[in-house]
Amino acid sequence: MDDLASVLAGARRAVFFGGAGVSTESGIPDFRSAGGLYTTAHDLPYPAEYMLSHECFEAEPQLFMDFYRQYLVHPDARPNRAHRALAAMEGQGRLEAVITQNIDGLHQDAGSARVIELHGSVHRNHCMGCGRHYGLDVIMRDAGITVCHACGQMIRPDVVLYGETLDRVVIDDALAAIQAADVLIVGGTSLNVYPAAGMIRFFRGTHLVLINLETTPYDSDADLVIHERIGEALGEALGVE
Ligand SMILES: [Zn+2]
């Protein structure tokens, strides 16, 4: 832990790359891990992976939206110690950006200003007809599909579904941040999910830090590996409760 504290204290333009494990400490289940959605959602008419696919969204939008509201949106979740520690580090001028695979907006809730959301956000939604933007509140008011009050077309979440490609601009933004970083902290991800593993190869800085409960295939590439809960590790190292 002393090592992590000293690496973070020496950082000037660190980047944090986070996965589902960052949000599990806020009570949001990891979609893919044991105990996640695959194992808990027994009442589904289809496999969870299909329920979150572009195919399902196109074919049965009402079913998709109801599933989405029930399992992907967590309006009561609050930032945890990891989110708070990263926001504090940014506030001290030592962290350039947070890159996240999560769609919950908890980094922003904790006060992080520069957050690159690879898979989108539940807080952004748009009309498929006229492009008008909507917040989460409008989506959560309804069951089934929600329509645009201006044009009557369907509103969809700005969330990347299975079968959809990530936004090129967002990927480029993330890669640029990683390439310019002096310290890259990877946390709460086993790095098995595309495009996480490929992206960290762009890092050219001095310290690659991996924080994950379980081992990852990249542990041997890292300068520092910590098998701990992410909130605990970052909170302790940065002195944030
Ligand atoms: Zn519209």
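As the structure lists them, so they are numbered: ligands from 1, and atoms in each ligand from 1. Not measured: the values here are computed from a predicted model.
Listed by chain and number, the protein atoms of type N/O/S under 2.8 Å from the Zn ion (ligand 1) are Cys127 SG, Cys130 SG, Cys148 SG, Cys151 SG; waters are omitted.
Using cut-offs of 30° and 60° on the angle between ring planes, the pair Phe67 and Tyr71 is tilted.
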- request: Start with the C-alpha gap between Arg156 and Glu164, add the side-chain angles, then the distance that decides, and say whether salt bridge (charged side-chain N to carboxylate O under 4.0 Å, His left out) holds.
  value: CA-CA 13 Å; Arg156 73 157 280 176; Glu164 296 180 339; 2.9 Å; yes

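Hydrophobic cluster membership of Leu213, counting Ile, Leu, Val, Met, Phe, Trp and Tyr whose side-chain heavy atoms lie under 4.5 Å apart directly or via other members: none, as it forms a cluster of its own. Here Ile28 sits in one hydrophobic cluster together with Leu106; the rule is ILVMFWY side chains under 4.5 Å apart, joined directly or through other members.
Using a 4.5 Å cut-off on side-chain heavy atoms (C-beta onward), Ile139 and Tyr134 make no contact.
Each salt bridge (charged side-chain N to carboxylate O under 4.0 Å, His left out) pair with one or both residues in residues 128-146, not counting sequence neighbours, appears once here: Asp137-Arg141.
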